[in-house]
Each structure stands twice: as structure tokens, then as C-alpha cells.
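Taking it in order: structure first as C-alpha cells, then the write-up.
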Amino acid sequence: MRPHVIVNCAMTADGKIAGKARKQVRISSPEDLDRVRRLRTESDAILVGVNTIIADDPHLTVRGLDRDRNPLRVVLDSNGRTPERAKVLDDRARTLVATCEGCARTWEGAEVVRMGRDRVDLHALMRELETRGVRRLMVEGGGETIWSFFNEGLVDEYLVFVGSMVLGGRTSPSPVDGEGFEEGRCVNLGLAESQVLGSGILLRYEVLRDVPPA
Ligand SMILES: NC(=O)c1ccc[n+]([C@@H]2O[C@H](COP(=O)([O-])OP(=O)(O)OC[C@H]3O[C@@H](n4cnc5c(N)ncnc54)[C@H](OP(=O)(O)O)[C@@H]3O)[C@@H](O)[C@H]2O)c1
């Protein structure tokens, strides 16, 4: 069975996940950061797109967990743009860089898998993760990556923390960017939980699969 996919992100009250400079902005409350830490701990793997690696340089680890207990870090990187010194390549956890078939690049500190011609083939990647024993996959962003997971029908849960701030900017990224669905198509969600977490609110949705498009 493919991994259970949980998308998790933090957006502002005006629906942005970063500002117009596309750099990380602290949107989560301390209470939400604790929740994210717990969710990471309960996940077998954490996945982001390469633009997030370049923009934010995250470790994608849980502090206090040793290398073997930290979730596997997975980067979608078709053309090998992950910088040599990216923190995701450190020895705090294992890392898998998923590239396309034509990409020859390798990294010290990461295992490389190749799948897909133009973009990393997410269905092939799910099969690869399944064989590695990944049952729960947490997708942390950014907007292009989350779009691809929704577009391929691979999202089971969508968790979004809404922080009490406004960033504005017509080019600022949102939780789901990409091309967007054609008119008449959408992903229907069922609101499963809402919870105030400090200064913001967490919304947890389950993806409804058998509902005809709105
Ligand atoms: N607030 C939050 O919760 C949060 C969390 C994470 C990130 N962010 C923000 O999100 C922004 C980055 O998001 P982004 O949308 O620009 O990029 P992204 O989702 O981080 O990375 C997208 C890139 O991944 C590569 N990729 C390879 N295979 C792919 C596939 N099948 N589907 C999608 N992408 C694939 C593509 O680059 P190649 O074609 O070169 O491979 C693509 O451009 C930053 O501003 C960051 O701060 C916010």
C-alpha cells in the first residue's frame, strides 16, 4: 500500500506561505511548532521540493532524535539543484534526493533515486518509499510540490495552520500553486478538526474521493 500522505503547511490569514521575496517567514505559533514536531516524529518520511531547500535551507529533523530515529528526508529535485552545503544533507538524518532519469548529479550525504523525464514521477516515488517501509509521509511544501500531490490524487490529509498576520503580494506563494485545476474540477475536502493553537488556528481536512466535482 502506498504511504498515507499528510500535507502540512502554515499560511497567513491572507493565504500566503511566504512573503514576496519567497523566503521563510515565521507563521506558526509556538503551540503549532510543537504540533509540527509531534507530527514529524510520527512520520516515516518528510518531503519538500528543491525550491524550499534553496529558499529556506531547512534541516527537516526533529531535535532530540538521533539519526536512525529521525524520519527519512526526501527532496524532489529533477535537475540536481540541491546545493552541496544544504542542511538537508547533514548527518542528522538519512536523505533521499529524487531526481529525473537524465540527472547524473550525486551528493555526499544523500542517496539518489531517478524517476520521471521532466519532473520526478510521484507515483514511482510512492512505490519506492513503500519498499523502504514508509507508511506515513509528511509533505511540507512548498506550493508547487503540494499542487503536484493534489493533482496526482495522492493527498489523504491536508493540515493548514492559519497564522494571524497578513503578508500580501500577488506573487507570494500559497499552499497550493502550480497550474491549478481546469474549470469545474477541484479537490473536495471534509473538515475533520479545527483547533485554536495559540495565536492561530489549525484546520485538518480529509480528502473526499467519491464526491463529484463541484
Ligand atoms: N509556510 C510553509 O508551511 C512553507 C513550507 C515550505 C515551503 N514554504 C515556502 O514555499 C516556497 C517554495 O515553494 P515553491 O512552490 O516555489 O517550490 P517547492 O514546492 O519547494 O519546489 C518545487 C520544485 O521542486 C521540483 N520538483 C521536482 N519534481 C516535482 C514534482 N513532481 N512536482 C513539483 N515539483 C517538483 C521542481 O524543480 P525542478 O524542476 O528544478 O526539479 C519544482 O520547481 C518558499 O517561499 C518557501 O519559503 C512555506
Side-chain angles (χ1 to χ4, degrees), residues 5-29 32-33 35-37 39-40 43 46-60 73-83 86-88 96-105 107 110 112-129 137-155 158-180 197 200-204:
V5 175
I6 303 172
V7 168
N8 184 83
C9 68
M11 72 173 187
T12 61
D14 60 326
K16 316 291 182 190
I17 60 168
K20 61 182 179 179
R22 302 183 83 83
K23 289 278 171 203
Q24 190 172 36
V25 176
R26 167 68 67 81
I27 298 170
S28 286
S29 63
D32 188 53
L33 291 177
R35 178 195 64 84
V36 173
R37 203 168 298 128
L39 186 60
R40 281 185 175 181
S43 301
I46 302 172
L47 180 147
V48 297
V50 65
N51 291 350
T52 294
I53 297 297
I54 291 168
D56 303 347
D57 197 15
H59 277 291
L60 299 180
R73 301 176 290 193
V74 184
V75 182
L76 297 183
D77 183 3
S78 325
N79 304 302
R81 293 192 289 129
T82 297
K87 292 189 178 123
V88 77
L96 189 68
V97 181
T99 68
C100 282
E101 286 151 10
C103 176
R105 191 160 172 205
W107 292 263
V112 180
V113 286
R114 299 183 167 81
M115 47 200 41
R117 286 208 176 151
D118 305 323
R119 278 271 167 107
V120 176
D121 179 338
L122 296 186
H123 293 278
L125 180 60
M126 291 303 102
R127 289 192 292 277
E128 175 69 34
L129 293 179
L137 170 66
M138 185 178 170
V139 174
E140 291 208 19
E144 292 291 330
T145 294
I146 296 174
W147 155 255
S148 287
F149 273 85
F150 272 117
N151 192 36
E152 296 297 331
L154 289 170
V155 181
Y158 173 55
L159 276 68
V160 58
F161 176 81
V162 186
S164 300
M165 64 179 75
V166 165
L167 278 172
R170 58 181 70 86
T171 59
S172 305
S174 75
V176 189
D177 287 329
E179 288 164 30
L197 285 178
I201 186 161
L202 173 72
L203 301 171
R204 184 170 75 80

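On a predicted model such as this, the values are computed, not experimentally measured, just so you know. First listed ligand is number 1; within each ligand, the first listed atom is number 1. These values consider heavy atoms only, across backbone and side chains, with no hydrogens, waters or symmetry-generated copies.
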Answer yes or no: does an N/O atom from [X] fall short of 3.5 Å to an N/O atom of ligand 1?
X      : answer
Ala10  : yes
Glu140 : no
Pro173 : no
Ala18  : no
Asp77  : no
Asn8   : no
Gly142 : yes

- Asn51 meets the side chain to side chain donor-acceptor pair (under 3.5 Å) criterion, sequence neighbours left out, with Arg81

- Heavy-atom nearest option to atom 33 (C) of ligand 1, drawn from Ala21, Pro58, Ser148: Ser148

- Query: Going by atom types only, do Thr99 and Asp77 share a side-chain donor-acceptor pair under 3.5 Å?
  - Reply: no

- Query: Do you see a donor-acceptor pair shorter than 3.5 Å between the side chains of Asp177 and Ser174?
  - Reply: yes

- Decide whether the shortest distance between a heavy atom of Asp56 and an atom of ligand 1 is less than 4.0 Å. yes

- Please state which part of Leu122 comes within less than 4.0 Å of ligand 1, counting heavy atoms only: side chain, backbone, both or neither. side chain

- Would you kindly specify which portion of Ser78 sits under 4.0 Å from ligand 1, judged on non-hydrogen atoms: side chain, backbone, both or neither? both

Could you list the donor-acceptor pairs under 3.5 angstrom formed between side-chain atoms of residues 137-150 and any protein atom two or more places apart in sequence or on another chain?
{"from": "Glu140", "atom 1": "OE1", "to": "Arg40", "atom 2": "NH2", "distance (Å)": "3.1"}
{"from": "Glu140", "atom 1": "OE2", "to": "Arg40", "atom 2": "NE", "distance (Å)": "2.7"}
{"from": "Glu140", "atom 1": "OE2", "to": "Arg40", "atom 2": "NH2", "distance (Å)": "3.2"}
{"from": "Glu144", "atom 1": "OE2", "to": "Gly178", "atom 2": "N", "distance (Å)": "3.4"}
{"from": "Thr145", "atom 1": "OG1", "to": "Gly49", "atom 2": "N", "distance (Å)": "3.4"}
{"from": "Ser148", "atom 1": "OG", "to": "Glu144", "atom 2": "O", "distance (Å)": "3.4"}

- Task: State whether the side chain of Arg204 and the backbone N or O of Tyr158 hold a donor-acceptor pair below 3.5 Å, judged by distance alone.
- Result: no

